[in-house]
Amino acid sequence: MKLVNQFALAVAVTGIAVSSSFVVAQTKAPVGKASPKSSPMPKATMADVLKASQASDWRPLNPENTLYLEMEKGRVVIELAPEFAPKNVANIKALVKEGYFDGLAMIRSHDNYVAQWGDASEKREFKNAAKKVEGEFTVKYQTSSAFTRLPDVDGYAPQVGHVNSFAAARDPKTQTTWLTHCYGAIGVARGNETDSGNGSSLYAVTGHAPRNLDRNITVVGRVMYGIELLSSLPRGTGALGFYEKAEERTPIKTVRLAADVPEVERSKLEVFRTDTTSFHAMIEAQRNRGGDWYKFAANHIELCNVPIPVRVVK
């Protein structure tokens, strides 16, 4: 008998193409308060929730904040989150517009950790983008954003949940919030200095979530589609997974802003919203997985353990 993955089952039942990125959800609770844990195993599965979802449960990616990283094997779609890192996102977009990444390569693939791209020679010049950008490890709360908090305890932050389909954390004492290092998260590589990252070298989390990096580096968004093109890169043989020879590196054709791409060439994707009743139902389905296979209800979920669906629309 084959083991059935509920995530794969959800895709099979609904016909929805789903991103491999992982994020978390929560039960229905007021902002700032965790919901009490529920004991009964719910009848609904993730597949059920997706099948019953309405058009209003989904949102299109914002073309002004979506990047297309083009490689020979396909396109990686990244959505940026300027709300969490406005200065760094602005500089990344400036780099993209001036063609900085075009013709560069993947320079690192660290097993169970990250894939990184940029200029291995460190000689490519900037045209309009800034060479130094302040690190944005955390930002102040923005009251305009809905924070859907998870009900379960997290070891890395006082509160965790989601903002606009991004996995995030908060500290009520400092009134700060930040994006977390879940699978598919995009971060700005830096040296020891907090302002030594400028977006010219980026990485994607391709392994077990390294949450210890939270609040130590700027996270600017996440891969919404095509993460498998990064997670399957040959592992680097050098220290920390860097490629030692030029021929080991996978070339990057271009990186473009979706808004600058003709509409007919854009990836037509929608991501599951995290501020809806359907999302709450999905969380509970994942916290207490039902069905014939599961014999124990965990009644718990970690921030990076619930996949957020991304579907292709025609």
Side-chain angles (χ1 to χ4, degrees), residues 60-71 75-108 114-140 142 144-145 163-166 168 177-179 181 184-205 213 216-226 229-230 249-263 265-267 269:
L61 304 189
N62 184 347
E64 293 292 342
N65 292 315
T66 299
L67 302 180
Y68 294 155
L69 189 159
E70 308 281 3
M71 297 189 295
R75 171 182 289 179
V76 178
V77 181
I78 297 167
E79 188 172 34
L80 301 172
E83 181 177 347
F84 287 88
K87 296 176 183 177
N88 281 269
V89 167
N91 210 54
I92 291 168
K93 290 164 72 171
L95 287 165
V96 168
K97 284 182 175 292
E98 66 185 50
Y100 177 86
F101 295 101
D102 298 353
L104 293 183
M106 308 306 299
I107 61 175
R108 177 189 185 193
V114 300
Q116 185 173 337
W117 59 96
D119 178 18
S121 70
E122 299 183 349
K123 294 180 180 179
R124 181 162 291 197
E125 296 183 358
F126 288 27
K127 296 176 183 177
N128 300 309
K131 293 183 177 180
K132 277 197 172 186
V133 181
E134 177 185 346
E136 295 170 297
F137 305 158
T138 66
V139 293
K140 289 293 183 182
Q142 293 195 29
S144 60
S145 299
V163 175
N164 197 31
S165 306
F166 291 100
T177 184
W178 58 94
L179 293 182
H181 278 79
I186 300 294
V188 176
R190 69 170 178 88
N192 287 337
E193 299 77 16
T194 58
D195 64 350
S196 56
N198 52 32
S200 61
S201 187
L202 299 170
Y203 65 85
V205 175
L213 297 180
N216 284 291
I217 203 161
T218 303
V219 180
V220 293
R222 77 176 181 99
V223 176
M224 290 292 186
Y225 205 76
L229 298 176
L230 303 179
R249 303 181 188 118
T250 299
I252 293 173
K253 291 183 177 180
T254 64
V255 178
R256 299 178 292 173
L257 192 66
D260 294 335
V261 173
E263 191 167 353
E265 297 177 18
R266 295 179 189 175
S267 297
L269 304 173

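Numbering starts at 1 and runs along the sequence shown.
Nearest heavy atom pair, residue A129 against residue A94, reads CB-CB, 4.1 Å. F101 and S200 get closest at one heavy-atom pair: CE2-O, 3.4 Å. Counting all heavy atoms, side chain and backbone alike, R266 lies closest to A258 at NE-O, 3.1 Å. Closest approach of G199 to I92, counting heavy atoms only: CA-CG1, 3.8 Å. Of all heavy-atom pairs spanning T177 and A168, the tightest one is OG1-CB, 4.5 Å. The heavy-atom pair separating I186 from L202 by the smallest distance is CG2-CB, 4.4 Å.
A donor-acceptor pair is defined here as one N or O able to donate and one able to accept, closer than 3.5 Å; such a pair exists between the side chain of D102 and the backbone of V255. Side-chain atoms of R190 come within 3.5 Å of backbone N or O of N216 as a donor-acceptor pair. Within the 3.5 Å criterion, the main-chain N or O of Y100 finds a donor-acceptor partner in the side chain of R124. Between the side chain of R108 and the backbone N or O of Q116 there is no donor-acceptor pair closer than 3.5 Å. Although no hydrogens or angles enter the test, the distance criterion places a donor-acceptor pair under 3.5 Å between the side chain of E98 and the main chain of N128. Distance alone, capped at 3.5 Å, places no donor-acceptor pair between the R75 side chain and the G226 backbone. K93 contributes a side-chain N or O that, together with a main-chain N or O of E64, makes up a donor-acceptor pair within less than 3.5 Å. Listed for the N88 side chain is a donor-acceptor partner under 3.5 Å among the backbone atoms of E134.
Taking CG of D260 as the reference point, atom CD of E265 lies at 12.0 Å (rounded to 0.5 Å). With values rounded to the nearest 0.5 angstrom, N91 atom CG is found 7.0 Å from F126 atom CZ. Atom CG of residue L257 and atom CG of residue L67 lie 6.0 Å apart, to the nearest 0.5 angstrom. Here the CE atom belonging to M71 is positioned 4.5 Å from the CG atom belonging to L229, to the nearest 0.5 angstrom. Put simply, CG on N164 and CZ on F84 are 8.5 Å apart, with the number rounded to the nearest 0.5 Å.
Here the side chains of L69 and W117 are in contact, with some heavy-atom distance below 4.5 Å. A 4.5 Å side-chain heavy-atom check between F137 and T218 finds at least one atom pair inside the cut-off. Annotation: side chain of V219 is not in contact with side chain of W178 (no heavy-atom distance under 4.5 Å). When side chains are defined from C-beta on, M106 counts as touching I252, because their heavy atoms get closer than 4.5 Å. At least one side-chain heavy atom of S201 sits under 4.5 Å from a side-chain heavy atom of I107.
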Next item on the list: Go through the steps to decide whether K87 and E136 satisfy the test salt bridge (Lys or Arg N to Asp or Glu O under 4.0 Å), and finish with yes or no.
Entry: CA-CA 8 Å; K87 296 176 183 177; E136 295 170 297; 5.5 Å; no
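For E125, the CD atom counts as loosely surrounded, since its 6.0 Å shell holds 12 or fewer non-hydrogen atoms of other residues, nucleotides or ligands.
Taking the side-chain hydrogen bond (donor to acceptor under 3.5 Å, both in side chains) definition, one finds that Y203 meets it with H181, sequence neighbours left out.
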